[in-house]
**Q** 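Quick one: the structure is below, questions incoming.
Worth knowing before you read on, the calculation uses all heavy atoms, side chains too, and leaves out hydrogens, waters and symmetry mates.
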Amino acid sequence: MPVWLDLVIRVVAVVVAFLVLPLVVGQAEHKVMAHMQGRLGPMYAGAFHGWAQLVADGVKFVQKEDVTPGAADRGVFRLAPIVALFPYLLILLVIPLGPNGLVAQALDVGLFFVLAVLGIGVLAVLMSAWASANKYSLLGGLRGAAQLLGYELPLVLSAASVAMAAGTLSLPGIVEAWNPWWLLWQAPAAIVFFVAGLAEIRRPPFDMPIADSELVFGYMTEYTGLRFAFFLLAEYVGIVVIAALTTVLFLGGWHGPFADQLGWLWTLVKIFAVSFVIIWFRVTYPRLREDQLQRLCWLILVPLALGQLVLTAVVKLLI
């Protein structure tokens, strides 16, 4: 196969996954929340089980007027939703779906690349908050910056523990080095990574930057129509990315029965299982206060991640 054709196929596959998987997660969230909370609304759009709810939401967003506040910095205001989406697209390029090179672009420093790009998300929050010329947006942006910068540390430390255990920064290399006993040995790191990942994508109960009961809708207050929909799409893509990284780093990725033939299926099953847990968290736990959120980060997650890092170093020295 020519190099250019192989490259085109890989890029198209990633773009399709970027557009389809978040919609599947969004549809699942509608239904899971409807069942868990007894919501009737999401069950009516469509002939069976409200299958057209996501379509109805899309039509609603398209019909809404695209409004830009008069005092807003128009260029930055309009660019912020794209900046929120773009990092996740880059991350999907390096996440392995299966064995034998089933990844768009395998990097020797894939984990470093992922963590670096994931940190760009704070720029979208700050851009939308500042450019909106709205005090509620600005407060939400400042909360978001404090939250994202704080939770970067436990996220990186927990990921470093896995990289140290595997002896590589390559994401396919980490999956290949994975062993089932890591489910126990790296369990603290997995918990820290998962919780910090929820905070990074600002999902409940870590949605203080939005806090609709206090800040209208935080840094997204002034957004309408498709620009608001892009922010929601970025949230769902974030769910897919955090679930995929959790799967690759801690759950063995494509490992499972008949991995050579069905490895891609095992990866997808694990991703959707973790996504279900993320939705479950939203339904189950109330929003943390700002002081509770920071206390969880600095007094619990960071020490736990550091302890796991020391444990990993000791085990690697002894083995």
Side-chain angles (χ1 to χ4, degrees), residues 17-64 81 84-85 88 121 125 140 143-144 147 151 191 193-221 223-247 251 268-289 292-293 296:
F18 178 77
L19 296 176
V20 172
L21 292 181
L23 297 181
V24 174
V25 171
Q27 180 76 349
E29 181 170 62
H30 278 100
K31 304 310 169 189
V32 170
M33 292 181 63
H35 282 294
M36 287 185 171
Q37 297 182 329
R39 296 184 179 189
L40 300 179
M43 296 300 180
Y44 279 91
F48 174 72
H49 208 65
W51 65 268
Q53 180 61 49
L54 208 62
V55 177
D57 287 342
V59 172
K60 175 186 68 175
F61 284 124
V62 170
Q63 291 178 336
K64 286 189 174 182
L85 279 168
Y88 297 128
V125 175
R143 284 185 177 184
Q147 176 173 319
Y151 278 84
I191 294 172
F193 186 89
F194 178 75
V195 173
L198 288 183
E200 284 291 309
I201 59 176
R202 301 168 295 284
R203 285 284 298 183
F206 303 98
D207 57 340
M208 283 301 294
I210 297 173
D212 51 329
S213 61
E214 304 170 18
L215 303 179
V216 186
F217 218 64
Y219 61 91
M220 293 189 286
T221 296
Y223 283 89
T224 59
L226 284 178
R227 299 188 196 280
F228 180 76
F230 285 158
F231 271 116
L232 293 184
L233 180 62
E235 179 180 334
Y236 288 130
V237 181
I239 293 176
V240 173
V241 166
I242 294 300
L245 290 175
T246 303
T247 296
L251 301 181
L268 289 177
V269 167
K270 293 174 185 178
I271 288 174
F272 283 114
V274 176
S275 299
F276 172 79
V277 175
I278 293 176
I279 296 170
W280 191 354
F281 265 60
R282 175 177 180 175
V283 179
T284 306
Y285 293 100
R287 180 186 302 125
L288 297 178
R289 297 194 314 265
Q292 293 173 329
L293 186 143
L296 174 64

**Q** Of the non-hydrogen atoms in P205 and P286, which two are nearest, and what is the gap between them?
**A**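 Minimum heavy-atom contact is CB-O, 3.1 Å.
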
**Q** How close do P22 and L233 get, heavy atom to heavy atom, and via which atoms?
**A**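 Residues P22 and L233, closest heavy atoms: CB-CD1, 3.8 Å.
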
**Q** To the nearest 0.5 Å, what is the distance between CZ (F206) and OH (Y285)?
**A**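 F206 atom CZ to Y285 atom OH measures 10.0 Å (nearest 0.5 Å).
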
**Q** Taking the side chain as every heavy atom from C-beta outward, state whether I242 and L198 have any pair of such atoms under 4.5 Å apart.
**A** no

**Q** Nearest 0.5 Å please: distance from the CZ atom of R282 over to the CZ atom of R287.
**A**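 Reported value, rounded in 0.5 Å steps: 10.0 Å.
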
**Q** Could you tell me whether the side chain of Y219 reaches within less than 4.5 Å of the side chain of F231, counting heavy atoms only?
**A**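 A side-chain contact exists here, since the closest heavy-atom pair is under 4.5 Å.
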
**Q** V62 and L226: which non-hydrogen atoms are nearest, and at how many Å?
**A** CG2-CD2, 4.0 Å

**Q** Rounded to the nearest 0.5 Å, what's the gap from CG on D207 to CG on L293? Could you check?
**A**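 Between atom CG of D207 and atom CG of L293 there are 9.5 Å.
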
**Q** Taking all atoms of both residues into account, what is the closest heavy-atom pair of E200 and Y151, and its distance?
**A** OE2-C, 3.6 Å

**Q** Take F281 and R203 through the test side chain to side chain contact (heavy atoms under 4.5 Å, CB included) and record every step on the way to the result.
**A** CA-CA 9 Å; F281 265 60; R203 285 284 298 183; over 6 Å; no

**Q** Please tell me if the side chains of L251 and V274 come closer than 4.5 Å, counting only heavy atoms from C-beta onward.
**A**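 Yes; the side chains approach each other to less than 4.5 Å.
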
**Q** Hey, is E235 close enough to R202 for a salt bridge, meaning N to O under 4.0 Å?
**A** no

**Q** Please round to the nearest 0.5 Å and tell me the distance separating atom CD of Q147 and atom CG of L288.
**A**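 It is 9.0 Å, given to the nearest 0.5 Å.
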
**Q** What distance do T284 atom OG1 and I279 atom CD1 have between them, rounded to the nearest 0.5 Å?
**A**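 Rounded to the nearest 0.5 Å, the OG1-CD1 separation comes out at 11.5 Å.
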
**Q** Do K64 and F228 have side-chain heavy atoms sitting under 4.5 Å apart?
**A**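 Side-chain contact under 4.5 Å: no.
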
**Q** Could you check whether any side-chain heavy atom of F272 comes within less than 4.5 Å of a side-chain heavy atom of V25, counting everything from C-beta outward?
**A**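 With C-beta onward as the side chain, the pair touches.
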
**Q** So I278 and F194, do their side chains get closer than 4.5 Å, heavy atoms only?
**A**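 Contact flag for F194/I278 side chains = yes.
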
**Q** Closest heavy-atom contact between P81 and Y223?
**A**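 Heavy atoms only, the tightest pair is CG-CE2, 3.8 Å.
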
**Q** What pair of heavy atoms forms the shortest contact from S275 to A243, and how long is it?
**A**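 Looking at all heavy atoms of both residues, the closest pair is OG-CB, 3.5 Å.
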
**Q** Flag the pair L296 / V195 as yes when at least one side-chain heavy-atom distance between them is below 4.5 Å, and no otherwise.
**A** yes

**Q** If I take atom CG from residue L23 and atom CZ from residue F18, how far apart are they, to the nearest 0.5 angstrom?
**A** 10.0 Å

